[in-house]
Amino acid sequence: RLSFGSLEPLVDLLQETPIDLLLPALVGKIHSGTELKQLVAAGALANARTFGGEDYVGFHAFMALMPAWEMSRELPANRRALPILKVLYRSSNQIQKQGGKSTEVLKPLNASGQGPTPPTAETLRAAVRKPNLDEAEQVFALLSAHSPEQLYNDVQPIIEDDTDVHRVVLAYRAWAALGLAGREHATTLLRQTVRYCVKSETGYINGKRPLPGIRQWLPKLVDQYHLLDKPFGSRKADDAWIDKTSQALMNATREQGAEIVAASIAEGFSRDSIGEALALAANLQVLRDPGRTQAYPLKPIGSVHGDSYGVHASDSMNAWRNIAAVCDHRNAVCSMIVAGSHVAIGGMGAERMKYSFDSHHDAVNAIRPDALLAEADASIREQNQGKAAAIVQRYGELGLATRPVFDLLLRYATSEDGALHAEKYYRTVSEEFARTRPAFRWRQLAGLARVTASEYGKRADGYEEACRLLKV
């Protein structure tokens, strides 16, 4: 088995403790001095070792761990453990359902068999495209001799091979988890991406589906605009450009979306300006989505939480932007172009985006912060998506303090199930609000208010027990 040194006892506890005993065991650990960051690190490693990025519920739980950690830092001391315990419960419950340590996917890597030339990122991509898992893992094992930063650059070409939310968000959250788990576990955490991509490629081949168009568009656009010949520009876009470009991206075809970004890079616009337009294009999908027309478990008709257009797009744009910020120039350029293709939903996808909460906005008359917050809270509990979004938008227009709105929405991001997405989307909005200009940033919080109202009414498994154990 893979072993994780000083974290191994906690990893084993998370994998092997019966689910009805898990939360008391974890709270006992907290009371005896175990830090929350240690629990998150152990949770990431337990999840990775068990699932290897191949189990749907499993990798969603993994992707929620670092957002839960960030959420905990915004809470009062006596409530900080709640979002973390919630996600650890979800992860360990899925581990138990799949058979615990007896079904672990990740085993020690074999780095033998190097050929006459050292492997490269392109070698890894070729193995994934075959798709040959054994070969891909062997190449990855050899690449893992590199620094974590170089290894992360090495896996980028396989991430850029498709506009797939899980592929990019899993890759980014694996990188983020190194901050708590430690650089020494980079191989274990980043390996999930390799296995996910091989499984995805196998699905294309077995299903006889056409391969993603981005594989042709990306190299063509990079060459056409000579994007690797010079660094990103520093041109800061004005509000009109951001608004126009975000609209154009949402309404574009996949190929057009990629070219909009490539052309913007060639024109010298900064990575931050392009990223802001990408994030706002995704946010438009949250605000304009008419909601589901067919009910699914935990996702009723009219709902927009979980794997909706907008939530998926927003989490993806956040991940692409964060990847671009830590990678080399080649991968930063490619990440942004793929993001442009990813967020584009032209044709029927964009055509259905007709929802508006303007009528609710016009009916919001309160101006006192306490009254607006109380109305927003009531609207969430009524699952009135449009009214909740309108109230928060109005609150922002009045220039009132930001933190009370985040505190309100954080409470529900912590308590509600959210169909596996509550934690990630809350963190996405937190980050994008902070780096979006004042003219547009409250759109992000209006979107979060809408999604919060949509997901209200289904408490997360384990949440009530965690509250009782923590006496909050």
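If you read the sequence from its start, that first residue is 1, and numbering goes on from there. Quick caveat, the model's predicted, so the values are computed rather than measured.
Using cut-offs of 30° and 60° for the angle between ring planes, the Y395 and W442 rings count as tilted.
In this model, a donor atom of one side chain and an acceptor atom of the other lie less than 3.5 Å apart for Y412 and R381. Looking at Y196 and R167, their side chains never bring a donor and an acceptor atom within 3.5 Å of each other. With 3.5 Å as the limit, one finds a donor-acceptor pair spanning the side chains of D154 and H146. N331 and D328 share a side-chain donor-acceptor pair at under 3.5 Å. Between the side chains of E74 and Y426, at least one donor-acceptor pair of N or O atoms lies under 3.5 Å.
In terms of modelled atom types and a separation under 3.5 Å, the side chain of T103 and the main chain of Q98 share a donor-acceptor contact. A distance-only check finds no donor-acceptor pair linking the side chain of T17 to the backbone of L14 [under 3.5 Å].
Electrostatic pairing of E122 and R330 does not count as a salt bridge here, judged by no charged N lying under 4.0 Å from a carboxylate O. Between R90 and E423 there is a salt bridge, with a side-chain nitrogen of the basic residue lying less than 4.0 Å from a carboxylate oxygen of the acidic one. Under a 4.0 Å N-O distance rule, the pair E431/R321 does not qualify as a salt bridge. Taking a cutoff of 4.0 Å between a charged side-chain nitrogen and a carboxylate oxygen, K199 and D55 do not qualify as a salt bridge. Salt bridge absent: E104 and K101 never bring a charged side-chain N and a carboxylate O closer than 4.0 Å. Electrostatic pairing of R352 and D289 counts as a salt bridge here, judged by a charged N lying under 4.0 Å from a carboxylate O. A salt bridge links E137 to R195: one of the charged nitrogens lies within less than 4.0 Å of a carboxylate oxygen. Checked for salt-bridge contact, E416 and K86 miss the test: no charged N lies under 4.0 Å from a carboxylate O.
For F59 and F51, the ring centers are positioned 6.0 Å apart or more. Ring-centre distance between Y56 and H166: below the 6.0 Å cut-off.
For the pair P212 and D161, the minimum side-chain heavy-atom distance is 4.5 Å or more. Proximity of N322 to W175: side-chain heavy atoms (C-beta onward) are nowhere separated by under 4.5 Å.
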